[in-house]
Protein chains: 2
Amino acid sequence: MMATMTDAGTEPLFRLLSRYMALDHADRVALSALETGPIRKLNARSDIAREGENPSVVRLLVSGWACRYKDLPDGRRQIVGFFLPGDFCDLNVYILSELDHSIGALTGVRFFEIEPEQFQEVIDQRPNLIRALLWHEMVASGIQRQWLLSIGQRSALERLAHLFVELYYRLQAVGLATGLTFELPITQNHLAEANGLSPVHLNRTLQEMRREGLIELSDRQLKIVDLKHLKKVAMFNSNYLHFNRT
Amino acid sequence: MMATMTDAGTEPLFRLLSRYMALDHADRVALSALETGPIRKLNARSDIAREGENPSVVRLLVSGWACRYKDLPDGRRQIVGFFLPGDFCDLNVYILSELDHSIGALTGVRFFEIEPEQFQEVIDQRPNLIRALLWHEMVASGIQRQWLLSIGQRSALERLAHLFVELYYRLQAVGLATGLTFELPITQNHLAEANGLSPVHLNRTLQEMRREGLIELSDRQLKIVDLKHLKKVAMFNSNYLHFNRT
DNA sequence: CGGAAGCTTGAAGTGCGTCAATAAGCGTGG
DNA sequence: CCACGCTTATTGACGCACTTCAAGCTTCCG
């Protein structure tokens with residue numbers, strides 16, 4: 001029982017929410033009670049949901065990376081956010097009827113689906129949790145603002161540096177960083193789409209970062225070589241992540 | 001009594017929320033009960049709140065334009081959202097402790113402040129309202145995603161076209177558009193900061209739009225000359241505004 | 001009447017995009 | 001087991017959308 005709980009798909013979520021506020025064992029149990037359905041799997045490059053759909057369930061990402069993206073009629077695409085393990089793909093299903101963006105799997109993903117009633121039941125019992133979940137949504141919104149600042153004002157190098165530091169902190173929060181190294185399972189094309197850059201220029205920017213001794217990247221492993229310098233280049237201020245518990 | 005209600009500072013807010021769902025007279029009364037404190041005024045170019053602060057009240061903009069912005073240590077600035085009459089400047093004070101962005105007055109503004117307890121009281125009585133307010137927050141988040149798409153992928157002309165159509169719809173929702181004309185009380189500099197463009201290039205893009213017969217703009221009055229064409233240029237899809245009641 | 005804020009224009013520079021080609025890795029099927 | 005296709009990463013040459021710098025103009029207001 002305890003063993004299954006620690007292995008549960010809700011483990012990263014619990015770790016994440018714990019960065020925002022103190023949660024107790026009962027909260028932990030309540031969260032794991034969300035996982036009743038089967039674990040679903042999808043391959044990389046497949047869509048989890050398309051713009052215009054009206055999904056009836058909330059999805060919790062257990063492993064792999066996904067993204068929110070928007071596209072234009074002529075094919076241009078912008079990734080507007082990453083979903084990492086422990087993230088909900090669209091909690092706003094509750095409020096809004098129709099998706100105004102798509103959700104795509106960037107790698108193979110595993111997730112499970114939660115029925116609204118079931119969700120409601122759990123948060124009714126645990127007022128702490130609804131607060132933590134709202135917090136998480138607000139942070140997601142803050143990340144979007146930070147991306148606007150990046151794409152609007154930062155150079156390619158600064159942008160990429162900022163993204164890497166952000167991913168480092170987010171992955172660390174769900175236990176997916178070991179030291180200053182983490183798995184970066186997405187392609188340079190994805191990084192380009194997230195940063196509003198062409199794949200070619202993104203590639204050159206990556207090489208510049210390596211040359212400057214900021215990072216090492218190979219075999220999908222990103223190692224931050226000089227975190228202090230990287231943060232300086234990115235002008236990184238972690239306040240927008242609102243982790244107020246170490 | 002009825003007269004003061006229609007003139008109330010909450011009037012634009014009520015109009016706005018009515019675009020999302022049906023609200024009744026009791027909701028209207030509950031909203032206007034939020035306005036107990038005095039109307040506060042600030043001049044253009046002054047800050048309503050600064051990044052790092054922890055405001056204890058929710059502010060409702062009654063007239064004038066404000067914005068959310070983020071800045072970098074070296075002075076670069078990005079406007080990440082506009083506040084129009086009827087918008088709350090940071091409902092998330094409820095959840096997050098510290099502001100991760102600043103709020104600035106772009107024109108002279110009038111607003112009033114709402115204490116959390118007072119706010120709580122009103123929404124406890126009117127479950128409809130909390131739903132409408134959450135809806136509004138989700139739409140704000142959707143607008144941010146749309147801006148990311150704009151700045152990341154659209155050209156200067158497309159970006160500006162998109163912004164104008166968006167502002168048109170938003171202002172129309174609060175009764176601030178007459179036909180295809182509305183007041184655009186902000187400077188070209190502000191437009192540049194919102195679109196991640198230099199003031200010079202923004203000016204040239206505006207002229208191009210005039211030359212193409214898309215808009216007329218003078219004396220702070222923006223007239224959309226050819227809405228259909230403008231929407232086409234912008235590749236505008238209104239779904240992200242989630243106005244599901246005409 | 002002076003000074004600040006905003007708009008406009010010209011000239012020159014550059015960060016990034018586009019196009020095009022190559023090469024490496026990898027699963028799949030004949 | 002090799003051949004094929006597909007995905008991903010890389011590099012060079014060239015072009016352009018946008019930036020920067022600079023100046024002059026207007027309007028407004030104290």
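Labels below follow one simple rule: chain letters A, B, ... track the order of the sequence lines, proteins then strands, and each chain is numbered from 1. Keep in mind the model is a prediction, meaning the values are calculated, not measured.
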For this session: Assess whether ring-ring contact (aromatic ring centres under 6.0 Å, His included) is satisfied between B:W65 and B:F82, documenting all intermediate values.
Result: CA-CA 7 Å; B:W65 288 34; B:F82 287 121; 5.8 Å; yes
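Across the protein-nucleic acid pair, B:R211 atom CZ and C:dT8 atom P stand 12 Å apart, rounded to whole Å. Atom CG in A:L160 sits about 14 Å away from atom C1' in C:dC16, given to the nearest Å. Taking atom CZ on A:R45 and atom P on D:dG5, their separation rounds to 18 Å, with Å as the unit. Atom CD of B:Q188 is separated from atom P of D:dC18 by 16 Å (rounded to the nearest Å). Atom-to-atom, CG of B:L191 to C1' of D:dC18 comes out at 17 Å; the value is rounded to the nearest Å. Distance B:L184 CG to C:dG6 P: 13 Å, rounded to the nearest Å. Here C:dC16 presents its P atom at 9 Å from CD of A:E158, a figure rounded to the nearest Å. Rounded to whole Å, the distance from CG on B:L206 to C1' on C:dT8 is 11 Å.
Side-chain N/O atoms of B:R154 include none lying less than 4.0 angstrom from OP1 or OP2 on D:dA17. The side chain of B:Q207 contributes an N or O atom lying less than 4.0 Å from OP1 or OP2 of C:dT9. Between C:dT8 and B:N203, a contact under 4.0 Å exists linking OP1 or OP2 to a side-chain N or O. For A:R76 and C:dG17, the shortest distance from a side-chain N or O to OP1 or OP2 is not below 4.0 Å.
In the interface, the side chain of B:R220 is not paired with the base of C:dG6 through any donor and acceptor atom under 3.5 Å apart. Taking only distance into account, the side chain of A:R204 meets the base of D:dG12 through a donor-acceptor pair shorter than 3.5 Å.
Only one option out of A:R77, A:Q78, A:R76, A:K70 pairs with B:Q153 in a side chain to side chain donor-acceptor pair (under 3.5 Å); it is A:Q78. Residue B:F236 is tested with B:Y168, B:F164, B:Y169 for a ring-ring contact (aromatic ring centres under 6.0 Å, His included); the sole match is B:Y169.
Judged by distance alone, with hydrogens and angles left aside, the side-chain atoms of B:E158 form a donor-acceptor pair with the main-chain N or O of B:S155 at under 3.5 Å.
Looking at the side chain of A:H201, the nearest of the listed nucleotides C:dT9, D:dT11, C:dG17 is C:dG17.
Along DNA chain C, the nucleotide nearest A:L157 and the nucleotide nearest A:V200 are compared for position; the residue whose nucleotide lies closer to the 5' end is A:L157.
Within the 4.0 angstrom heavy-atom criterion, base atoms lie near B:S198.
Annotation: B:D74, atom CG; neighbour count of heavy atoms from other residues, nucleotides and ligands within 6.0 Å is above 12.
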